[in-house]
Student: 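Quick one: this structure, given as structure tokens, is what I'll be asking you about.
In what follows, chains carry the letters A, B, and so on, assigned in the order in which the sequence lines appear, proteins first and then strands, with residues in each chain numbered from 1.
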Amino acid sequence: MRIVKDLERYSRLQKRLSQRITIQPLKEAPQRIGGVDAAYIPDQERMVGVIVVLDYPSLRCVECCWAVEKVPFPYVPGFLSFRELPVLQKALQRLKHEVSLFMVDGQGIWHPRRLGIAAHFGLLVKKPTIGVAKSPLVPPQCSLPDKNRGSVTYDTLGAIVRTRTNVKPVYVSVGNLITLQEAVFWTLQLSRYRLPEPTRQADKQTKVLAKQIRYGTLSPSLL
DNA sequence: GCGACAG
DNA sequence: ATCTTGTCGC
């Protein structure tokens with residue numbers, strides 16, 4: 001299989017790029033925050049990538065840019081970047097606002113080779129990024145946090161954060177240019193529901209667009 | 001060897 | 001990630 005050969009190459013690339021990750025305190029208080037997510041378009045072998053920009057602290061969406069691309073690579077745990085980054089980079093080129101912090105749907109450095117999609121994306125944009133995943137990739141060594149909103153348990157490479165009382169927690173880790181403590185703080189600061197607003201709103205847009213594109217409800221001139 | 005495994 | 005309605009519970 002050619003995929004196997006790709007995985008060996010990608011694996012080496014991840015290990016090399018992960019050395020470029022910088023864990024350091026934020027240099028400015030976030031003014032606008034980006035939310036990043038991608039969705040699969042059934043039957044078309046294509047993906048939609050969305051980046052929303054929220055004003056802080058109002059959390060109002062001030063921009064929503066997106067792009068569509070043919071699926072470049074199958075989903076393989078540990079190699080999500082190579083499936084979703086191409087379409088996200090295309091969306092990124094259309095971004096007009098200045099963004100001080102990005103939240104990405106997926107792992108940051110809590111990854112077998114320390115380069116989940118949020119970390120990889122963080123190297124591309126050269127801005128602080130946080131990875132917020134709905135489930136773990138690397139099995140956590142720490143226990144689950146208490147049921148109350150705000151409870152957090154820390155692992156070696158990330159934290160498990162309870163963003164809503166009695167609701168499944170999220171898995172937070174550094175993407176780039178931020179500390180884990182800050183990543184946890186902003187995750188809670190931006191959460192009204194289970195997922196923080198940036199990724200929640202990006203996820204919502206991603207699904208709306210995916211359906212519009214799938215059923216041709218969208219003016220073709222935009223594609 | 002077998003199962004698990006971000007989205 | 002996606003295919004899918006209602007339903008139970010905070």
Student: Are the charged groups of A/D6 and A/R9 less than 4.0 angstrom apart, N to O?
Tutor: yes
Student: Under a 4.0 Å N-O cut-off, is there an ion pair linking A/K96 with A/E63?
Tutor: no
Student: So what does A/F79 hit on the nucleic acid, given a heavy-atom distance under 4.0 Å: a base, only sugar-phosphate, or nothing?
Tutor: base
Student: Taking the six-membered ring for Trp, is the centroid-to-centroid distance between A/Y10 and A/F73 below 6.0 Å?
Tutor: yes
Student: For DNA chain B, determine which residues of residues 166-193 of chain A have any heavy atom closer than 4.0 angstrom to one of its atoms, and list them numerically.
Tutor: none
Student: Rounded to whole angstrom units, what separation is found between the CG atom of A/L80 and the C1' atom of B/dA6?
Tutor: 6 Å
Student: Check whether any side-chain heavy atom of A/F79 lies under 4.5 Å from a side-chain heavy atom of A/I3, and answer yes or no.
Tutor: no
Student: Closest-nucleotide mapping onto DNA chain C: is A/T206 or A/T165 further toward the 5' terminus? I mean the 5' end.
Tutor: A/T206
Student: Whole-Å distance between C/dA1 C1' and A/R46 CZ?
Tutor: 16 Å
Student: Over all strands shown, is A/E84 touching base, sugar-phosphate only, or nothing at heavy-atom distances under 4.0 angstrom?
Tutor: sugar-phosphate
Student: From the list B/dA6, B/dG7, C/dT2, which nucleotide is the closest neighbour of the side chain of A/A39?
Tutor: C/dT2
Student: Please tell me if the side chains of A/H111 and A/Q14 come closer than 4.5 Å, counting only heavy atoms from C-beta onward.
Tutor: yes
Student: How far apart are the closest heavy atoms of A/R194 and A/T163, and which atoms are they?
Tutor: O-OG1, 2.5 Å
Student: Starting at CG of A/L115 and ending at P of B/dA6, how long is that distance when rounded to a whole Å?
Tutor: 17 Å
Student: In this structure, how many angstroms lie between the C1' atom of B/dA6 and the CH2 atom of A/W110, rounded?
Tutor: 12 Å
Student: Where each pair must be Watson-Crick or G-U wobble with both distances under 3.5 Å, what dot-bracket representation of DNA chain B is obtained, with crossing pairs in [ ] and other-strand partners as |?
Tutor: .......
Student: Would you mind reading off the distance between A/L85 atom CG and B/dA6 atom P, rounded to a whole angstrom?
Tutor: 17 Å
Student: A/E28 side chain to A/S100 main-chain N or O, any donor-acceptor pair under 3.5 Å?
Tutor: no
Student: Decide, yes or no, whether a salt bridge links A/D105 with A/K134 under the criterion of side-chain N to carboxylate O below 4.0 Å.
Tutor: yes
Student: In this structure, which one of A/I130, A/I33, A/I51 forms a side-chain contact (heavy atoms from CB on, under 4.5 Å) with A/F102?
Tutor: A/I51
Student: What is the distance, rounded to the nearest whole Å, between atom CD of A/E45 and atom C1' of C/dT2?
Tutor: 12 Å
Student: Report yes if at least one side-chain N or O of A/R164 is closer than 4.0 Å to OP1 or OP2 of C/dG9; otherwise report no.
Tutor: no
Student: Classify the nucleic acid contact of A/I117 as base, sugar-phosphate or nothing, counting any heavy atom under 4.0 Å across all strands shown.
Tutor: base
Student: Would you kindly give the OH-to-C1' distance between A/Y40 and B/dG7, to the nearest whole Å?
Tutor: 13 Å
Student: Expected output is a numbered-order residue list: members of residues 131-161 of chain A with a heavy atom under 4.0 Å from any atom of DNA chain B. What is it?
Tutor: A/A133, A/K134, A/S135, A/P136, A/L137
Student: Measure CD/A/Q107 against C1'/B/dG7 and give the value in whole Å, please.
Tutor: 10 Å
Student: Could you report the tightest heavy-atom contact between A/S143 and A/I160, atom names first, then the distance?
Tutor: O-CD1, 4.1 Å
Student: What heavy-atom pair brings A/M103 and A/T199 nearest, and what distance separates the two atoms?
Tutor: O-CG2, 3.5 Å
Student: Would you check if the side chain of A/K207 reaches a backbone N or O of A/A39 as a donor-acceptor pair within less than 3.5 Å?
Tutor: no
Student: Choosing from C/dC3, B/dA6, B/dG7, which nucleotide comes nearest the side chain of A/P42?
Tutor: C/dC3
